[in-house]
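Predicted model, so just to flag it, every value in this text is computed and none were measured.
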Number of protein chains: 2
Amino acid sequence: MSGYCRATYRCYDEKADFGKKAQGIAVGLTVGSWTDLPEARKAEMEKHLGKVVSVTEVPAAESPTGERYADIVIDYPDINFSRDIPALLVTVFGKLSMDGRIKLIDLDFSEDFLSAFPGPKFGIEGVRKQLGVENRPLLMSIFKSVIGHDLPNLREQFFRQALGGVDLIKDDEILFENPLTPLEKRVEACMAAAAEAKRETGQELLYAVNLTGPTFKLAENAKRAIRAGANALLFNVLAYGFDALAELARDPEIHVPIAAHPAVSGAIYPSPHYGIAAPLLLGKLMRLAGADLVLFPSPYGSVVMPKEENMALKDALTSDGLPLRKSFPVPSAGIHPGLVPLIHRDFGLDVVVNAGGGIHGHPLGTAAGGRAFRQAIDAVLAGEPLREAAKRHDELRAAIEAWGIKE
Amino acid sequence: MSGYCRATYRCYDEKADFGKKAQGIAVGLTVGSWTDLPEARKAEMEKHLGKVVSVTEVPAAESPTGERYADIVIDYPDINFSRDIPALLVTVFGKLSMDGRIKLIDLDFSEDFLSAFPGPKFGIEGVRKQLGVENRPLLMSIFKSVIGHDLPNLREQFFRQALGGVDLIKDDEILFENPLTPLEKRVEACMAAAAEAKRETGQELLYAVNLTGPTFKLAENAKRAIRAGANALLFNVLAYGFDALAELARDPEIHVPIAAHPAVSGAIYPSPHYGIAAPLLLGKLMRLAGADLVLFPSPYGSVVMPKEENMALKDALTSDGLPLRKSFPVPSAGIHPGLVPLIHRDFGLDVVVNAGGGIHGHPLGTAAGGRAFRQAIDAVLAGEPLREAAKRHDELRAAIEAWGIKE
Ligand SMILES: [Mg+2]
Ligand SMILES: [Mg+2]
């Protein structure tokens, strides 16, 4: 409905009258009370009143968890809240989040609400343009370890990753401002390593430096990093709130792609009964707030998210349903070259293959680790089985011997 | 241990080797790898390495939920992270939050980490001083409804609440910047009503106006509100992140008490398996970040938090264990005058009795609703049963007839 943002909840209760509960939410989170309003006042207040769109009850016998629940859909008038994510979340899931077993599973934004969000500044197309890479999945790598390491060590790690032909290198999300590798010096050292590697690989590379520090200094720190040469940022969105990301993404001087890290999100999405569903939390809201790339737990590694949630998350980042640039999905954790066919099948071309151990742990070293991934990507795009391609490529062969193929 | 911040996790797993899991966390979230480091390097890296303090396994047969779990305690070196809440949370529960059924149940801060946090600027003592009220629980009220109401209406609601003798009045957390009651005009109208009421009651009153808007404008908006006369702020901490609160609390120009609202926190604390426990989320971290008053679901109303969690939360806000001013506990939801004896027994003197419906829904009106609470508080402090006091006080008697007494 135009002028309304829509929230979908899954609400578990053994005996609640879900219709009544839905009405209570629609009134309680908007005008506060309705039935006791004088008729004249109702006419005025109508435009502020939440509307129950649907209540779909599922009895215990038909519920996947064996528990009775209902999906409740409610429309909230835009006129009630400002056009920012904190206002929307506090409206639709502020007090309500504490009211029993209820999970926010989706949000649909009105045109008016959306109009306040430029979304990703680069998105999939923009990131591809920065890198000059069309028509293949991108490859990202993560430093092996960063804490306690000095600049020459980081530079060396960076250089080896870059030599392997990766498109993006990201800081570890747990690297904060520190005397060994302070922000600007780190950017300078790594970008110098990128330039050096480019002379060998001919390849562009984005370095996502971890944006940290006090909330009200984030924009300043981002600009310091950019002035020092940073061409991308990594940001722990959930530790600072979605609005901080939205503000950074909206700032015209922060003209580099932003990669959103899902740190701390596991406190919010995994429970069936509480929290905010992953496709909304790490998908739609990240894209709305302006993340150009979004990391999330892959369905392949040890840090697991159910496959259907992963696919819904991908859809939220890339669907045409939102009038915003698309965010690059970056399924992370447990990725090795033998998974590339599966990643390609699940995510298509527009995915960032992101590896840490699968690059640094390569038997022939870090640069070979990157090459093995690039060989795997090329094989998959050529429709060639990895085992065939491995016959021509030492690096891919060694990777497959180490970690196998999963198809 | 000096120089380390300590995290306590509850980890559920049917068959994990919890000792090994704990080691994996301590290494994985700090230096990344340990056993494969050369001995010379280990000496250097030792100071960055996390330490397993204890692993307490509870077999399924002895577990309250019937599920096997372990409480894992790990010390993280301060040297690894900057002295802010996002850095600490990302370090101890960033990636780990996504790694299976694991909940962050407590944090202990090192002296060095704590030294970066001034904590609440006022705290319990400071708020009492502002109000000139010693030795009794404070009384707070909430507007009945705010959305769609204009300034004269809000002013009138405010005035009636103030006449009843409440000490604090808070905005509804869902009231955002809007053309009917914009921030500065709202503050002016309500503070004028407060002054008018004071001529009748002789009483000081704090008005916590809802601080909203873009993250990077929060400090500016707070100062605008203060310039317009605001003498307190309400803040939806979880919607913006703890660090935004810490920055506001640290700003010398924001010299008014801040009340933290728990909106959206129900997405994080209620699950036994995931998230961050309420006493940490709404207790210790709120106090660390500088909340002078903290609202949280009372154990009495419809929005329920288990009693023992409520008590642990209260302890976190008020214990002498932290070298910070104490935060006022504000148990909220479902509060009526007949609950005052119970609130006093559970929370003692240093509590804010916070009511919405229990004031506005009073049979004799809003001002009578406030008076009934004040009468109940006086009776409890005098050791007089409410039923006795009600014989002398029409307002208290009407309240008890409407809602009863719970002792
Ligand atoms: Mg990492
Ligand atoms: Mg409210």
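- When the candidates B:Pro77, B:Pro270, B:Ala219 are compared by the number of heavy-atom contacts under 4.5 Å with chain A, B:Pro270 comes out ahead.
- Neither the backbone nor the side chain of B:Arg250 comes within less than 4.5 Å of any heavy atom in chain A.
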Could you walk me through whether B:Arg101 and B:Glu67 pass the salt bridge (Lys or Arg N to Asp or Glu O under 4.0 Å) test, one step at a time?
CA-CA 11 Å; B:Arg101 291 185 300 159; B:Glu67 298 162 301; 3.0 Å; yes
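- Nearest heavy atom pair, residue A:Gly50 against residue A:Thr30, reads N-OG1, 3.2 Å.
- Looking at B:Asp251, there are no atoms closer than 4.5 Å to chain A (heavy atoms on both sides), in backbone or side chain.
- Using cut-offs of 30° and 60° on the angle between ring planes, the pair B:Tyr76 and B:Tyr9 is perpendicular.
- Contacts of B:Asn80 with chain A are made by both backbone and side-chain atoms, with heavy-atom separations under 4.5 Å.
- Within the 4.5 angstrom heavy-atom criterion, only backbone atoms of B:Leu29 (N, CA, C, O) approach chain A.
- Looking only at heavy-atom pairs under 4.5 Å with chain A, the residue among B:Gly241, B:Gly275, B:Gly148 that has the most is B:Gly148.
- Most heavy-atom pairs under 4.5 Å with chain A, from the set B:Lys47, B:Lys103, B:Arg41, B:Glu177: that is B:Arg41.
- Taking chain A as the reference chain and counting heavy-atom pairs below 4.5 Å, the highest number among B:Asp84, B:Asn236, B:Leu89, B:Asn178 is found for B:Asn236.
- For B:Ser265, the parts sitting under 4.5 Å from any heavy atom of chain A are the backbone and the side chain alike.
- In this structure, A:Arg83 forms no cation-pi arrangement with B:Phe176, as its terminal cationic atom is not both closer than 6.0 Å to the ring centre and no more than 45° off the ring axis.
- In this structure, no portion of A:Asn210 lies under 4.5 Å from any heavy atom of chain B.
- Comparing B:Gly32, B:Ser145, B:Ala87, B:Gly213 by heavy-atom pairs within less than 4.5 Å of chain A, the highest count is held by B:Ala87.
- Interface remark: B:Pro262 contributes backbone and side-chain atoms alike to the contact with chain A (heavy atom separation under 4.5 Å).
- Interface remark: A:Lys144 contributes side-chain atoms only to the contact with chain B (heavy atom separation under 4.5 Å).
- Contact count against chain A (heavy-atom pairs under 4.5 Å) is highest for B:Asp243 among B:Asp243, B:Ile276, B:Leu96.
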